[in-house]
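Input: a single structure, listed below in structure tokens.
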Amino acid sequence: MTRDWWKHLILIIGVIIVIAPFYMMVSYSFKSPGEIDRGEGGFFGQQELMVAPRCVALRTPGRDDIAAASSRFAGASDAEIRDALVAEAEADCSIRPVVFNYTQAFTEAPLLRYLLNGVIVTASIFLIQVVVALPAAYALAKLRFWGRDAVFGLVLFCLLIPVHAIALPLYIMLAKLGLTNTYAALVVPWTVSVFGIFLMRQFFLTVPDDLIDAARMDGMGEFAIVWRVMLPTAIPALLAFAIFSVVAHWNDYFWPRIVVTGNRDLFTPPLGLREFKGDGDGSFFGPMMATATVIVTPLIVAFLLAQKRFIEGITLNGMK
Amino acid sequence: MSAIEPTMIDQTTGPTAGHATKERRAAWVLTAPALILMVVILLGPVIIAGVLSFTNYSLGNSSFDWVGTQNYEKLFTRSTYEKMFVATLTYVVTVVPISVGLGLGAALLINSLGRFREIYKTIYFLPVMATLLAMAIAWEFMLHPSIGMVNRTLEMGCGTFLEQIWSFMSQGCADRFPVWLGDKRYAIWVICFIGIWQGFGFNMVLYLAGLTSVHRELYHAAEMDGARSAWERFRLVTWPALGPTTVFVVTITCIRAFQVFDTIEAFWPQGGGPNKSTYVMMFAIFEKGVQQNLIGIGSAITMLFLLFVMFLTLIQRWLVERKVHYK
């Protein structure tokens with residue numbers, strides 16, 4: 001330990017730089033606009049009651065309100081009643097900054113809808129990827145057929161093509177089919193994971209042939225073998241692939257940005273955050289950072305709970 | 001998944017059909033969806049982009065003209081695209097070596113520690129997991145010229161010895177510190193920094209995995225042969241043993257670096273940064289092809305992009321197959 005102090009020093013400096021934006025993001029999501037502006041309040045902020053500006057604006061007393069309230073304030077002039085009403089509104093609109101930021105995040109934009117979209121899109125991508133890749137991987141690993149080498153060659157070639165790189169022609173195809181601004185557009189380009197096929201094939205190569213022969217003896221067809229024999233053996237590999245796929249598509253911004261324009265109902269979490277940023281002014285730092293925190297948290301928490309699996313999953317490419 | 005279960009078993013092959021025929025037919029049925037999708041989703045678009053790059057097509061127009069290599073000529077003559085290549089290459093050439101180097105450095109340091117290894121590993125991996133767009137926005141606030149944490153931290157250095165030894169500090173204190181994202185001198189470096197910040201943990205994890213496969217006996221053998229210093233042992237044992245990992249890490253980092261987009265779109269939705277200093281290829285494809293509907297030129301950039309990426313991957317495969325280790 002004493003000999004290693006300089007290593008810890010270097011690593012701790014690294015930790016500070018790595019953590020800083022996370023720290024700031026979470027901290028700002030707790031603070032009031034004033035505290036953010038002045039850079040006060042430590043990590044959690046003072047959590048003094050603040051007045052939500054929009055809430056007060058909505059309750060600005062008009063002539064009718066003043067007339068209606070005149071019975072409560074007998075003998076007071078209109079101006080006094082007005083001031084009293086404003087004070088009441090401000091008292092009702094007082095709120096802790098942390099509550100303000102997070103409620104704004106969920107009410108100012110349909111954040112729940114965005115999160116739900118994120119779940120729908122990532123889950124359907126993963127399920128379709130498995131349905132497409134698993135049978136193909138099984139056939140490539142365990143069945144003998146004319147053209148197998150050609151198909152596998154095609155898989156190896158397609159590994160060279162990053163989907164983001166061909167986004168433009170894909171976008172044109174989807175636009176021609178009238179599919180932009182649909183869930184289909186968000187999912188379709190990812191339905192075939194060449195990498196998934198490759199990975200699963202390598203995994204299936206290690207499954208003993210005896211297992212498959214036994215299943216055939218029992219009268220199982222090839223489809224039954226894929227889903228009832230191969231799928232259960234592949235669970236660990238599939239789990240790693242699931243993490244790889246879900247992390248990539250939950251965080252993906254480029255592709256949704258291209259095919260979803262304007263239709264908020266289809267926004268994925270990153271798109272929602274982007275829009276939030278687009279129309280926010282300075283006073284919106286708190287709610288915006290709350291939104292960012294909400295979007296980043298699910299994966300980070302899952303990662304902290306199952307680090308080994310996540311690191312395995314995300315570095316899958318390293319297993320080649 | 002269960003929907004496609006046994007009911008679809010191919011019943012048409014009668015008892016007379018040989019096992020081989022049956023197996024062949026099943027194999028084609030099983031690979032067909034993947035095969036069709038690969039052709040439609042991956043190969044098709046590459047061909048479409050290739051064809052469209054020789055036209056002046058745009059969405060909504062029923063016809064188009066063949067323009068020969070005009071689009072490609074534009075790419076190599078107009079100053080906008082020169083800026084595009086400069087920005088992309090600056091980014092790749094900066095981010096790849098530094099994030100690979102930091103990844104290796106962190107892995108070696110962490111690997112040599114007895115305690116707290118897991119904590120460092122977890123923390124350094126956090127940025128890899130986090131939604132880059134969200135973190136880009138967090139960085140934007142960090143770099144805010146007046147209320148950002150970075151400039152506030154720098155201001156704390158004013159009036160100390162740092163001002164004497166670092167001209168950047170004395171200038172910043174006397175006048176003001178940079179506006180970072182609004183300054184064309186700094187913009188691309190900020191993007192590089194965030195790219196490195198986000199990616200080096202990934203490389204570190206790959207290197208840590210690579211280090212576990214270096215045999216201890218090799219170090220003993222090297223010591224026997226007179227490799228006394230840590231540097232000698234690294235040069236003679238660790239580095240060659242990490243060769244395959246390095247080839248892989250460099251390739252994947254390169255391909256990711258070429259695809260940088262999120263941070264740039266988040267900071268400068270229009271135009272690619274101050275004086276187009278961060279106008280990288282992905283952003284150019286997005287802006288020209290999707291936003292401005294100049295599909296011909298967008299396709300030409302796409303083809304060039306694919307060429308770069310394929311070239312890199314082929315080099316990687318060639319290196320791995322020949323088991324070449326870096327010296």
Side-chain angles (χ1 to χ4, degrees), chain A residues 4 7 10-11 15 18-19 21 24-25 37 39 131-133 135-136 138-139 143-146 151 154 158 160-162 164-166 168-172 175 189 191-192 194 197 221-224 227 247 251 253-254 258 270 273-274 277 285 292 295-296 299-300 303 307 311 314-315 317-318, chain B residues 1 5-6 8-9 23-24 26-28 30-31 33-35 37-38 41-42 45-46 48-49 59 109 113 120 122-135 137-139 141-142 147 149 152 205-206 209 248 252 255 259 261-262 285 289-290 295 298-299 302 305-306 309-310 313:
Chain A
D4 287 344
K7 292 178 186 167
I10 295 173
L11 288 170
V15 164
V18 167
I19 288 286
M24 193 226 58
M25 178 176 77
D37 268 355
V131 169
V132 170
Y138 166 70
L143 300 180
R144 274 178 301 276
F145 61 104
W146 179 86
V151 174
L154 185 66
C158 286
L160 292 172
I161 308 171
H164 277 172
I166 52 170
L168 181 62
L170 279 172
Y171 163 75
I172 296 166
T191 48
V192 58
V194 192
I197 297 175
E222 300 296 331
F223 287 95
W227 300 115
V247 170
N251 289 340
Y253 173 65
F254 181 66
I258 287 181
L273 179 61
R274 182 70 187 77
K277 176 177 181 259
F285 287 174
I295 289 171
V296 170
L299 285 185
I300 296 285
F303 165 63
Q307 289 175 46
I311 290 180
I314 294 186
T315 53
N317 327 40
Chain B
M1 270 177 266
E5 258 187 80
M8 279 177 64
I9 295 171
E23 185 170 315
R24 197 173 64 217
W28 279 107
L30 290 172
T31 37
L35 199 58
L37 286 173
M38 269 196 288
I41 290 175
L42 297 170
V46 174
I48 292 177
L59 271 177
L109 279 181
L113 290 176
Y120 289 125
T122 306
I123 292 176
Y124 287 172
F125 202 70
L126 281 180
V128 184
M129 298 290 313
T131 311
L132 182 55
L133 186 86
M135 298 327 290
I137 290 173
W139 273 112
F141 285 154
M142 299 273 294
I147 65 168
M149 210 184 253
R152 277 203 178 130
V205 165
L206 289 175
F248 178 74
I252 190 108
I255 292 174
Q259 295 185 41
F261 174 82
D262 296 14
I285 293 175
V290 178
I295 300 217
S299 300
T302 299
F305 189 93
L306 280 174
V309 171
M310 287 192 177
T313 324

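Values below: every heavy atom of this structure, side chains too, minus hydrogens, waters and symmetry copies. So that the names make sense, note that chain A is the first sequence line, chain B the second, and so on, each numbered from 1.
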Check: At a heavy-atom separation under 4.5 Å, does Ile295(A) approach chain B through its side chain, its backbone, both, or neither?
Finding: both
Notebook entry, point to check: Between Leu168(A) and Gly298(B), what is the shortest heavy-atom contact and its length?
Noted result: CD2-C, 3.4 Å
Checklist line | Val247(A) versus chain B, the contacting section by heavy-atom distance below 4.5 Å | finding: side chain
Checklist line | Largest heavy-atom contact set with chain B, pairs under 4.5 Å, which of Leu154(A), Val194(A), Ile10(A) | finding: Leu154(A)
Notebook entry, point to check: In terms of heavy-atom pairs under 4.5 Å with chain A, which of Thr313(B), Val290(B), Val309(B) leads?
Noted result: Val290(B)
Check: Quick one: what part of Tyr171(A) sits under 4.5 Å from any heavy atom of chain B, side chain, backbone, both or neither?
Finding: side chain
Note to self: Minimum heavy-atom separation for Pro162(A) and Leu306(B), please, with both atom names.
What the structure shows: CD-CD2, 4.2 Å
Note to self: Looking at chain A, which one of Arg24(B), Met310(B), Met135(B) has the largest number of heavy-atom pairs inside 4.5 Å, strictly under?
What the structure shows: Met135(B)
Note to self: Before you tell me yes or no, could you show the steps for Asp262(B) and Thr131(B) under side-chain contact (heavy atoms from CB on, under 4.5 Å), namely the whole-Å CA-CA distance, both residues' side-chain angles and the distance that decides it to 0.1 Å?
What the structure shows: CA-CA 10 Å; Asp262(B) 296 14; Thr131(B) 311; over 6 Å; no
Margin query: I need the minimum non-hydrogen distance between Phe223(A) and Leu30(B), along with the two atoms involved.
Written below: CE2-CD2, 3.7 Å
Next item on the list: Count the heavy-atom pairs under 4.5 Å between each of Met149(B), Gln259(B), Met38(B) and chain A, then report the option with the highest count.
Entry: Met38(B)
Next item on the list: Return the option, out of Thr31(B), Thr122(B), Leu59(B), with the maximum number of heavy-atom pairs under 4.5 Å with chain A.
Entry: Thr122(B)
Margin query: Which heavy atom of Ile295(B) sits nearest to which heavy atom of Gly289(B), and what is that distance?
Written below: CG1-O, 4.1 Å
Margin query: Would you call the rings of Trp146(A) and Trp28(B) parallel, tilted or perpendicular, taking 30° and 60° as the class edges?
Written below: tilted
Notebook entry, point to check: Is chain A contacted by the side chain of Phe141(B), its backbone, both, or neither, given a heavy-atom distance below 4.5 Å?
Noted result: both
Note to self: Please determine whether side-chain contact (heavy atoms from CB on, under 4.5 Å) holds for the pair Ile166(A) and Leu42(B), giving the CA-CA distance in whole Å, both sets of side-chain angles, and the decisive distance to 0.1 Å.
What the structure shows: CA-CA 8 Å; Ile166(A) 52 170; Leu42(B) 297 170; 4.0 Å; yes
Next item on the list: Give the minimum heavy-atom separation between Val132(A) and Pro33(B), together with the two atoms involved.
Entry: CG1-C, 4.3 Å
Note to self: Counting only non-hydrogen atoms closer than 4.5 Å, does Glu23(B) touch chain A with its backbone (N, CA, C, O), its side chain (CB onward), both, or neither?
What the structure shows: both
Margin query: If I measure from the heavy atoms of chain A, does Leu126(B) come under 4.5 Å with its side chain, its backbone, both, or neither?
Written below: both
Note to self: Ring-plane angle category for Phe125(B) and Phe303(A), please: parallel below 30°, perpendicular beyond 60°, tilted otherwise.
What the structure shows: tilted
Note to self: Does any backbone or side-chain atom of Ala165(A) lie under 4.5 Å from a heavy atom of chain B? Answer side chain, backbone, both or neither.
What the structure shows: both
Next item on the list: State, to 0.1 Å, how close Ala138(B) and Met24(A) come at their nearest heavy-atom pair, and which atoms those are.
Entry: O-CE, 3.6 Å
Next item on the list: Heavy atoms only, distances under 4.5 angstrom: which of Pro21(A), Ala292(A), Ala175(A), Pro169(A) has the most pairs with chain B? Name it, please.
Entry: Pro21(A)
Check: Which bit of Val15(A) comes within less than 4.5 Å of chain B, counting heavy atoms only: side chain, backbone, both or neither?
Finding: both
Notebook entry, point to check: Heavy-atom distance under 4.5 Å to chain A: side chain of Ile123(B), backbone, both or neither?
Noted result: both
